[in-house]
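Before any comments, here is the structure.
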Number of protein chains: 2
Amino acid sequence: MKNIEHSSKDWLPGISVDCVVFVFHENQLKYLTLKFLNSDIWSLAGGYVGNRESINDAAKRVLTERTGLTNIFLEQFYCFGEFGRNVNARAEFAKIKNDIGSTTDDLDWLSSRFISTGYVAVVDYEKVNVSLGDVSDQFMWQNVREFKQLFLDHNEILDKALVKLRECLDAKLIAFRLLPETFTMSEIQQVYEAILGASLVRTNFQRKILSLNILERIEKKFSGGAHKAPYLYRLKK
Amino acid sequence: MKNIEHSSKDWLPGISVDCVVFVFHENQLKYLTLKFLNSDIWSLAGGYVGNRESINDAAKRVLTERTGLTNIFLEQFYCFGEFGRNVNARAEFAKIKNDIGSTTDDLDWLSSRFISTGYVAVVDYEKVNVSLGDVSDQFMWQNVREFKQLFLDHNEILDKALVKLRECLDAKLIAFRLLPETFTMSEIQQVYEAILGASLVRTNFQRKILSLNILERIEKKFSGGAHKAPYLYRLKK
DNA sequence: CCAAAAGTGTTGCAACTACACCCATGG
DNA sequence: CCATGGGTGTAGTTGCAACACTTTTGG
């Protein structure tokens, strides 16, 4: 409860950031959700903005706190400022307050009107080490293809994040940030297919990716199967 | 000074909106700037957010207050949240305070940290009727090709607005919103050239625009010149 | 006739799609 | 040999750019 108790002094009132953290795992595109202490309410990874901190830095900090990672792809995509986006959810807040054992002041601050800026983050599943923080007791990587009811307007934030992710896919080389250091060509294709929600023709896809001239092929190969092993690739310096 | 005097009660603290209002006039793309009372400081059209008003509605309201128009193209493009974007400009605020005869409380509120969401607006020059409001004594339609030093980080806001405008140009049919009800084909081309900052081949451009199938040609024509008069077009319903 | 406006035709380029086909490799 | 992975060739399409050329119309 440290963050919330210090709230009115250390943090900007009425302003928050919410990060949609994407990973690729088990052949699916997933995003990070956190469950509030002792409740069944799931939210995106959010946080407040320090009095002397830029909102972009706040998003970076929240991401580092939750994932243990620095230097990750992070991009702002929209500012959610509807009246009632959280004010109309006093019941949800009251439940959370009760569950996490907050004081009345905290609830007043939490349930006062907030404007939240949304960020898309893209990380390598194998490198993430999720820390729950003070208000959550569980986390989950949620498949984007399965609907899950989220806190407040976080479903809307997720939808807009997915649109932004697709827009950035080629220009910002999103797919390679979702994969480990080395990967096979079909893994790249699976990432693209998961993000675009469509299947792609293998031969044309490989030509497109290789023509970018950003990959180098590593001669070491997979072992195991009763057939040819796929090549491994990694990003050129 | 009405708005500012009521500030701490009626408006959300620390949050504002800034609108970059574009028009097409004298064959140039221009944006609205306002000069603070008795000063030489020029800013974009900004405003605060009502306690019970969504930020998108606040932007709409600011736009209606300044231009007299409703139902105009308006789109959010970025949330500016650097620490110091206005806090480091106490000198500018002190000058404005002096010029507009504000009380100390107002200055404290004004110069406290603000986070501002940027909006692009696109309007028909012939329909705009600019109202100065309480803190400005002059306005100007500024050519985007000429640099002008603006208040705080408003030059950066303008730059990002222009990028957004170009991105929306085709998808949101921006050009037709910058023109009056009826227009000639070469006027449309001039708008495109002003926004893109490049010249286009007439024949190919006309083919592209007409193939959109959104225009109808009006048989009435211009009068005057010693040559064929251009056709007039208007958007289909 | 001239000048400006409006429109057509054609050529070539680049990107993408679909699909046929071939080679490589490990068992 | 088979199954899987990796890659080439090619034909068709689409969109766009460049440019030549024709037609319309008012004076």
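Within every chain, numbering begins at 1; the chains are lettered A, B, ... in the order of the sequence lines, protein sequences first and strands thereafter.
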**Prompt:** Between B:Arg207 (CZ) and C:dA6 (C1'), how many Å, whole number?
**Reply:** 12 Å
**Message:** Would A:Tyr192 and A:Asp170 count as a side chain to side chain donor-acceptor pair (under 3.5 Å) here? Give the steps.
**Reply:** CA-CA 10 Å; A:Tyr192 267 79; A:Asp170 281 308; 3.2 Å; yes
**Integer-rounded Å distance: D:dG6 C1' and A:Ile188 CD1** = 13 Å
**Request:** Could you tell me whether A:Lys127 and A:Glu181 have a side-chain N and a carboxylate O separated by less than 4.0 Å?
**Result:** yes
**Message:** I need the CG-P distance between A:Leu200 and C:dA18, as an integer number of Å.
**Reply:** 10 Å
**Item:** Sole residue of A:Val20, A:Val21, A:Leu44, A:Ile55 in side chain to side chain contact (heavy atoms under 4.5 Å, CB included) with A:Tyr119
**Value:** A:Ile55
Could you list the protein-to-nucleotides 11-16 of chain C atom pairs, N/O on both sides, closer than 3.5 Å?
none

**Request:** Using a 4.0 Å heavy-atom cut-off across all strands, classify A:Phe205 as base, sugar-phosphate, or nothing.
**Result:** nothing
**Message:** Without decimals, in angstroms, what is the distance between A:Gln189 CD and D:dT4 P?
**Reply:** 16 Å
**Asked** Roughly, in whole Å, what's the span from CZ in A:Arg202 to C1' in D:dG9?
**Response** 14 Å
**Fill in**
Atom CG of B:Asn204 and atom P of D:dT14 are separated, to the nearest Å, by 18 Å
**Prompt:** Rounded to the Å, how far apart are B:Leu215 CG and C:dG7 P?
**Reply:** 11 Å
**Asked** Does A:Lys172 pair with A:Glu75 as a salt bridge, N-O distance under 4.0 Å?
**Response** yes
**Request:** Determine, for B:Lys35 against B:Asp137, whether the closest basic-nitrogen to carboxylate-oxygen distance falls under 4.0 angstrom.
**Result:** yes
**Message:** With rounding to the nearest 0.5 angstrom, report the CD1 to CG distance, A:Ile195 to A:Leu178.
**Reply:** 5.0 Å
**Asked** Base, sugar-phosphate, or nothing for A:Thr203, non-hydrogen atoms under 4.0 angstrom?
**Response** base
**Message:** Does B:Lys164 qualify as a cation-pi partner of B:Phe77, given the criterion of NZ or CZ under 6.0 Å from the six-membered ring centre and within 45 degrees of its axis?
**Reply:** no
**Asked** Which listed nucleotide (D:dG7, D:dA18, C:dA6) is nearest to the side chain of B:Tyr231?
**Response** C:dA6
**Prompt:** What is the distance from CD of B:Gln206 to C1' of C:dG7, rounded to the nearest Å?
**Reply:** 7 Å
